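Below is one structure, written out as structure tokens, with a few remarks after it.
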Amino acid sequence: MVELVPTLLRQELARLAEDDQRLDGRAQWEGREVSLEVDCLYNAEGSAKVVMGKTIVYAGVKFELRTPWPDRPSQGSLMCGAELRPVAHRKYEPGPPSPESIELGRVVDRGIRESGCIDMESLCIVPGEKVWGVMIDIHVLSDGGNIFDACGLAAIAALRTAIVPAERFDVGEDYKLKVNGTPIMSSFTRVGGRYIYDPSEEEELGGDERIHITLGDEGHLHSLQKGLRGVFTPAEFAEIFDVAHQRCTDLRTLVANQEGN
Amino acid sequence: MGGYGDVQLLRDDGLRLDGRKLDEMRPVSIEAGILPAADGSAMVTHGLNVAVAAVYGPMEAHPRKIQRQDRAVIDVRYNMAPFSTGDRIRPGYNRRSREISKVTAEALESVVLVERFPRSKIRVEIEILAAEAGTRCAGLTAAAVALADAGIPMRDLIVGVASGKVEGIVVLDLDKAEDNYGQADLPVGILPNTGEIAFLQMDGDLSPDEYNLAMEYNFKAAAEIHEIMVDALKRRYEGGEN
């Protein structure tokens, strides 16, 4: 059966694309305004709220003491998870984590982990006995499109403001978690045949495959992901990579400015 | 209740540790319509508690076995975010959140005109982002404002409030320390216009007189919070936004 709304929306988006236009009037590579707030959650050791259009995401960092893995006795651990709870949209149903939320959490996790911004050795308290486990939990409260970028931004901003609660666990004084870098994700969706940056909810509904690129401070790639049905060419990737580079730099500045406040 | 008698919760001057009077509640602020994707929503900040509620529907009720031929069912999910407490909570439903969801749903079904929407479902999602004792009450208040924000007809709002007992003295609106080390907790959902009660739980130890005083405090606080709820809803619609 043909789904009516996406089909009509798809036609309209294709028509707009011919004139290089978007449904909400943005240019092809133009993002929505991003608002970032850090240290906004009592009880989380680091926290951030990101608002991008109709998308609202919170991230909170918690720490726990654990015994290290036997093969890595002097390394702590980092875990990042995302919950697409039914609060965020009528399309999300209650139940065990969906493949979508698992993908989301894992893509954000890879970007942060692989950038090396957390030195796992620095999370060691007593080798072989006691290390810190750092957990970033991302909570999507409203899905208005491109939750990947919002989650990635909230996660790294929360991590960068985190205070290690050593006093509460009786292992010394509290200190600021050392984070060496600000990996940032940029996401693109094919809409009306060509890629656009920062898809809205409607563009995701009437669009095709998506590509997520996470870049570190030096402009190196740390995580890539293609999602949904569709293919792309190397030339298309080269074009969006350039855009990603610029947008990641802008958002990294936004994070740095927030921390300065 | 924790019930350790040796923790001092009242100061020598008779005030509470955070400086409140016995019948003084923590500051409350409410904002309606904060979630663009939802049909109705609200955020309640009560002391350091932050509760967000979203309403979706009325919509088709499925699975079909939950359908009622004569009325809507209200499907409530109360959930604490993993980062909302001192120690991280594992994501997912647990026994506590299931019970709170159930009694909250039953309270809301007591005020929503459910018979107007036979065979349908109204989804109410309560997310606790920060917890400092009293989250079920903050969540209930948020749910009531979110339902009103969604334009769902109701007989009345519901206000979630709690009183309790510390060091043998009845106090309004327990904070974290008072909840952990106090002797009783009495959370209720009050219909501010009719004076009826739609939500009731209690644990600990209260004499009948203490119960009466705690309830008196709860009604006083409910009247105060009710004004803040109405104000939030008015601001939402005076703002001209939809």
Side-chain angles (χ1 to χ4, degrees), chain A residues 40-49 51-66 79-97 101 105 133-145 147 154-155 158 162 165 168-169 200-201, chain B residues 33-39 41-43 45-60 62-63 75-93 97-98 101 121-133 135 139 142-143 146 150 176:
Chain A
C40 48
L41 291 170
Y42 164 78
N43 268 337
E45 269 77 56
S47 60
K49 175 190 184 188
V51 180
M52 286 172 26
K54 292 184 173 180
T55 293
I56 303 176
V57 168
Y58 281 84
V61 179
K62 297 298 294 182
F63 290 79
E64 66 181 18
L65 284 182
R66 42 167 292 261
M79 191 219 77
C80 180
E83 284 197 80
L84 285 174
R85 296 193 47 77
V87 67
H89 201 278
R90 60 169 64 225
K91 70 187 171 190
Y92 297 128
E93 300 273 339
S101 66
V134 185
M135 267 129 353
I136 312 172
D137 286 291
I138 307 170
H139 223 63
V140 181
L141 278 194
S142 177
D143 180 356
I147 49 176
R168 187 153 59 84
F169 288 92
S200 67
E201 184 185 349
Chain B
I34 52 144
L35 301 180
D39 295 323
S41 59
M43 178 183 272
T45 307
H46 186 133
L48 292 170
N49 292 300
V50 179
V52 169
V55 168
Y56 292 94
M59 54 172 69
E60 187 189 354
H62 61 91
D75 184 18
V76 173
R77 253 171 308 283
Y78 162 100
N79 177 60
M80 295 182 84
F83 45 74
S84 63
T85 49
D87 291 330
R88 176 176 182 262
I89 304 177
R90 279 177 66 99
Y93 241 17
S97 61
R98 273 176 199 273
S101 300
K121 169 170 87 173
I122 298 166
R123 247 175 59 190
V124 179
E125 308 288 344
I126 299 170
E127 297 286 338
I128 306 300
L129 300 181
E132 194 235 359
T135 59
K176 187 77 193 156

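Keep in mind the model is a prediction, meaning the values are calculated, not measured. Lettering of chains follows the sequences in order, A, B, ..., and the numbering in each one begins at 1.
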Exercise for the section: Can you see which heavy atom on B:S84 is nearest to which on A:N43, and at what distance? Expected result: O-ND2, 2.9 Å

Practice task
Flag the pair A:V87 / B:S41 as yes when at least one side-chain heavy-atom distance between them is below 4.5 Å, and no otherwise.
Solution key: no

Handout entry: Toward chain B, the part of A:Y92 with a non-hydrogen atom under 4.5 Å
Key = backbone

Exercise for the section: Look only at the side chain of A:D143 and the backbone of B:A37, and say whether a donor-acceptor pair between them is shorter than 3.5 Å. Expected result: no

Practice task
Please flag which part of B:D87 lies under 4.5 Å from any non-hydrogen atom of chain A: side chain, backbone, both or neither.
Solution key: both

Exercise for the section: Counting only heavy atoms closer than 4.5 Å, note whether B:I126 contacts chain A via side chain, backbone, both or neither. Expected result: neither

Fill in the blank from the handout: Of all heavy-atom pairs linking B:A130 and A:Y42, the shortest is CB-O, 3.6 Å

Problem - Most contacts with chain A, counted as non-hydrogen pairs under 4.5 angstrom, among B:A53, B:A131, B:G57, B:G92 - result: B:A131

Fill in the blank from the handout: Under 4.5 Å to a heavy atom of chain B? For A:L141 that would be both

Handout entry: Main-chain N/O of B:T85 paired to A:K62 side chain as donor or acceptor, under 3.5 Å
Key = yes

Practice task
Answer with side chain, backbone, both or neither: which region of B:V50 has an atom nearer than 4.5 Å to a non-hydrogen atom of chain A?
Solution key: neither

Exercise for the section: Can you tell which part of B:R123 gets under 4.5 Å to a heavy atom of chain A, answering side chain, backbone, both or neither? Expected result: side chain

Completion exercise
Pair count under 4.5 Å, heavy atoms only, with chain B: among A:R85, A:E45, A:M135, highest is A:R85

Handout entry: Contact leader toward chain B among A:E83, A:H139, A:R168, where contacts are heavy-atom pairs under 4.5 Å
Key = A:H139

Practice task
Look up atom CD1 in A:I136 and atom CZ in B:R88, then write down how far apart they are to the nearest 0.5 Å.
Solution key: 10.5 Å

Completion exercise
B:F83 and A:L41 have their tightest heavy-atom pair at CE1-CD1, 3.2 Å

Problem - Residue among A:S142, A:G81, A:P165 with most heavy-atom pairs under 4.5 Å to chain B - result: A:S142

